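As the structure is a prediction and not an experimental result, all values here were calculated from the model.
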Amino acid sequence: MKTKEMYMYTELMGFGMSTAAFCLSNFFREPLWSVVCLVVLCVALVFHFSYEFSKKTGLAFYFICMFTFSIGGAILPILNGDKNWMSNLTDREYIVACNCMFLSCIFILLGSIFCEKYIFVFRRVEKYGNRGKQSVGRLSDDHFNIARVQRLAFGVFIITTAIVLIGEMDKLQFIRTNSYLASYTEYSTSSIVARAKIINLTSWFIGLAARPDKKRVLIYSLLGILNPILILAGGSRTAFASFILFVVFYLYNYSGIKFKEVHSSKKRSLYIFLAAVLCLIIVIPFLYTYGYARDGRTDYNQNDSIFQNIIQFFSSQGNSYTLIGYAERYKDQLPGICYSFGEIIDKILGNTYAYGTVNGALKTNRFGAIMTYILYQWNYLNLGTGVGSSYIAELYYDFNYMGIILGNFFIGGLLQKLVNWKRNSVIKQSIFFVLFYHMLAMPRTSLMEPFVQLFSLSSIVTFLFIFGASYKKKKLITNDFYLRKNANTY
């Protein structure tokens, strides 16, 4: 009890100090107070996740991505002595960006707490079994042959892995012959390989959600990482990082539920912390150096220390926060109807303009496209490169601070449901895996990206095939049972 109280008081003090700095930065219009606000907030979050980490894994991994793609880029340059630490944003734009990131973190936490205590998603009736509480209904495991689900998911995964690897090796050969930047404009992935990628990833999630044995998990992990390795060799780091983060998240939760291994929360938290430190020391300097080689840049300083490489890596990866500042700069000036739900609106309106064209920027609702067109028009039209996007920037541009509050409150609630494996059926957990995997990249992509991936035609067909073929037919009700049930009517 004393340990819990100590963590609680430390958290409250940290969040209180962060809120005070937030108020001071807006009252005095001083960007340095915004830096203090985010730094103290990060410290408070570390204390928050240090206690009972096993109950907060989904949130913890998401905040790692938040720091990598947004928060780190806002606070680390000034700590590294960078004179342009506001990335050419004005004081107001920088403060607005920090405000949005602060509010996002706070309301993600509040949404998760509210969801944990008061809301039960996808659950109508509860029963008690060997695995604890589990949802009952049309999506219950009782309605599916889980062994068949495992076999079908594994078979689909093996077949599509071969197709995806052939496609990625072809692309890698093109990049080696030409260049990474040329792959944006001169290389086109075949429709078969593109669909196979979605089916492969979806079947992977279904297979893992079905709680396979240790041997099958090892095969899923080894074969699953081949594609991200080829993508990394081709120049893209996001898929590799997302895969590693998801696998660590899965194994951490899987070991505690499937195998019933005896690990205290503190010991497993220590393992995760040590693994994170090891990744920082080994992987990040490699990825930072690799980014220079990929783009053909020669201004890399080989004398930089490991610590400087880590700082510079997060500074370069965290530039998504600048899009929030640009959302403030171009407020009510962009041509889109609503960027937060852009993919859905474009499908309804039939906007099929290609990325890298003028119409693709001006006549669609893709925030990343219009911002790249405004900021780096030549690169957008000739190289096909982009600045990415940010769901926080989209929410702020469309709905101001109210959108930040409500949107992140919903995201926090959804993240809270991701680790309740004892309550989720296989099909529900598969859906959560698809959403969570793509949500890890959401700080640098659009708000609807996880849902677009989930409801893509290839993903839906995969779900229907695997679970449709594994559905158990209802047993016919005998006349004897019917008579006993309705005896009171005779």
Please check if the number of heavy atoms outside [X] that lie under 6.0 Å from its [atom1] is greater than 12.
X: Lys331; atom1: NZ; answer: yes
X: Leu349; atom1: CG; answer: yes
X: Arg216; atom1: CZ; answer: yes

Any heavy-atom pair between the side chains of [Y] and [X] that's under 4.5 Å?
X: Leu103; Y: Cys100; answer: no
X: Met442; Y: Ile411; answer: yes
X: Leu251; Y: Val217; answer: yes
X: Leu414; Y: Met439; answer: yes
X: Arg444; Y: Leu323; answer: no
X: Leu152; Y: Ser470; answer: yes
X: Leu406; Y: Phe107; answer: no
X: Leu201; Y: His438; answer: yes

Please step through side-chain contact (heavy atoms from CB on, under 4.5 Å) for the pair Ser242 and Leu245, ending with a clear verdict. CA-CA 5 Å; Ser242 297; Leu245 204 57; 5.8 Å; no

Taking the ring centre of each residue, are Trp378 and Tyr373 less than 6.0 Å apart?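 No, they do not, as the ring centres are separated by 6.0 Å or more.
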
Check whether the ring centres of Phe154 and Tyr220 lie less than 6.0 Å apart, and answer yes or no.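 They qualify: ring centres under 6.0 Å apart.
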
Specify whether [X] and [Y] have parallel, tilted or perpendicular ring planes, treating 30° as the upper limit for parallel and 60° as the lower limit for perpendicular.
X: Phe436; Y: Phe246; value: tilted
X: Tyr250; Y: Phe433; value: perpendicular
X: Phe467; Y: Phe463; value: parallel

Start with the C-alpha distance between Trp204 and Phe243, add both sets of side-chain angles, then the distance that settles ring pair (Phe, Tyr, Trp, His ring centres under 6.0 Å), and finish with yes or no. CA-CA 11 Å; Trp204 188 62; Phe243 178 86; 5.1 Å; yes

Main-chain N/O of [Y] paired with [X] side-chain donor or acceptor, under 3.5 Å:
X: Tyr380; Y: Gly356; result: yes
X: Asn145; Y: Ala147; result: yes
X: Asn365; Y: Ile337; result: yes
X: Thr357; Y: Ala354; result: yes
X: Thr160; Y: Val156; result: yes
X: Tyr397; Y: Tyr339; result: no
X: Thr202; Y: Thr462; result: no
X: Asn408; Y: Ile404; result: yes
X: Ser425; Y: Asp141; result: no

Can you give me the closest heavy-atom contact between [X] and [Y], atom names plus distance?
X: Ser320; Y: Ser389; value: OG-O, 4.1 Å
X: Ala194; Y: Thr189; value: N-CG2, 4.1 Å
X: Lys472; Y: Phe144; value: CE-O, 3.3 Å
X: Ser87; Y: Asn319; value: OG-OD1, 4.3 Å
X: Ser104; Y: Tyr391; value: CB-OH, 4.5 Å
X: Ile146; Y: Ala210; value: CG2-O, 4.2 Å

Got a second to check how far [X]'s [atom1] is from [Y]'s [atom2], nearest 0.5 Å?
X: Ile427; Y: Ile206; atom1: CD1; atom2: CD1; result: 7.5 Å
X: Glu93; Y: Thr322; atom1: CD; atom2: OG1; result: 10.5 Å
X: Phe174; Y: Ser188; atom1: CZ; atom2: OG; result: 10.0 Å
X: Ile199; Y: Phe157; atom1: CD1; atom2: CZ; result: 13.5 Å
X: Leu38; Y: Cys98; atom1: CG; atom2: SG; result: 4.5 Å
X: Leu208; Y: Tyr437; atom1: CG; atom2: OH; result: 11.5 Å

[X] side chain to [Y] side chain, donor-acceptor N/O pair below 3.5 angstrom:
X: Glu328; Y: Tyr396; answer: yes
X: Asp398; Y: Ser340; answer: yes
X: Tyr187; Y: Asp170; answer: yes
X: Thr364; Y: Asp346; answer: no
X: Ser446; Y: Glu394; answer: no

Tell me whether Arg366 forms a cation-pi arrangement with Tyr355, defined as NZ or CZ under 6.0 Å from the six-membered ring centre and within 45 degrees of its axis.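 Judged by the rule, Arg366 and Tyr355 form no cation-pi pair.
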
Ring of Phe61, cation from Lys56 - is the NZ or CZ under 6.0 Å from the centre and inside 45° of the axis?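 No, Lys56 and Phe61 do not form such a contact.
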
I'd like to know whether Phe249 forms a side-chain contact (heavy atoms from CB on, under 4.5 Å) with Leu440, so could you lay out the CA-CA distance, the side-chain angles of the two residues, the decisive distance to 0.1 Å, and finally the verdict. CA-CA 11 Å; Phe249 162 79; Leu440 289 175; over 6 Å; no

Report the C-alpha separation of Phe409 and Phe114 in whole Å, then their side-chain angles, then the decisive distance to 0.1 Å, and conclude whether the ring pair (Phe, Tyr, Trp, His ring centres under 6.0 Å) test is met. CA-CA 9 Å; Phe409 190 87; Phe114 181 82; 5.6 Å; yes

Working for side-chain contact (heavy atoms from CB on, under 4.5 Å), residues Ile244 and Ile225: CA-CA 8 Å; Ile244 295 298; Ile225 200 173; 3.8 Å; yes

Using the side-chain contact (heavy atoms from CB on, under 4.5 Å) rule, take Arg211 and Gln429 through it: C-alpha gap first, then chi angles, then the decisive distance, then the call. CA-CA 10 Å; Arg211 304 182 183 96; Gln429 193 59 49; 5.7 Å; no

Please determine if Lys197 and Glu168 form a salt bridge, counting it only when a charged side-chain N lies under 4.0 Å from a carboxylate O.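 Glu168 and Lys197: salt-bridged.
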
